[in-house]
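Some notes on the structure that comes next.
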Amino acid sequence: MRAVLCHVDDIPDGQSRGFDPGATGRDTVFIVRQGERLHGYRNACPHIDGAPMAWRKDAYLSGDRRHIACHAHGARFDIQTGRCVLGPCLGQSLTPVPLQLLSGGQVLMTGPAHEETSP
Ligand code: FES
């Protein structure tokens with residue numbers, strides 16, 4: 001699925017934001033911004049696949065904002081790799097969502113959106 005999710009300036013540096021590109025009624029992907037780098041992942045924890053991770057809208061980071069956090073059971077994930085570094089799914093990874101930053105600043109999702117899994 002290709003979809004423009006937002007403008008890069010819609011995500012403050014160092015923060016996260018969720019999106020619902022498939023109009024499912026809940027955010028199925030999220031982005032963490034670190035400067036000009038954007039990290040996109042499915043909003044689905046590998047501990048219990050399909051489990052949404054934020055405790056409230058757009059809250060995908062730990063309190064110190066150094067990790068992505070799943071607020072269901074406290075797993076912590078490396079922001080750049082999506083790999084779980086602490087918690088019940090240690091060593092497993094979030095599913096990346098490929099993104100492209102267009103010249104006008106729009107953030108384009110260029111890959112699968114959410115629940116679809118390849119056979
Ligand atoms: S569902 Fe994410 S840590 Fe358990």
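Both counts, for ligands and for their atoms, begin at 1 and track the order of listing.
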Item to complete: Apply side chain to side chain contact (heavy atoms under 4.5 Å, CB included) to the pair Thr95 and Tyr41, showing each step before the final yes or no.
Response: CA-CA 5 Å; Thr95 303; Tyr41 297 101; over 6 Å; no
Discussion item. For Arg26, is there an ion pair with Asp20 - N to carboxylate O distance below 4.0 angstrom?
Written reply: no
Worksheet item: Is any side-chain heavy atom of Val8 closer than 4.5 Å to a side-chain heavy atom of Arg33?
Response: yes
Worksheet, complete the sentence: Shell check on atom 4 (Fe) of ligand 1: protein N, O or S atoms less than 2.8 Å away are His47 ND1, His73 ND1
Practice prompt. Might you point out which heavy atoms bring Val32 and Ser16 nearest each other, and give the distance in Å?
Written response: CG2-CB, 4.0 Å
Worksheet, complete the sentence: Scanning both residues in full, the closest heavy-atom pair of Val97 with Val29 reads CG2-CG1, 3.9 Å
Worksheet item: Under 30°, 30 to 60°, or over 60°: which ring-plane class applies to His47 and His73, parallel, tilted or perpendicular?
Response: perpendicular
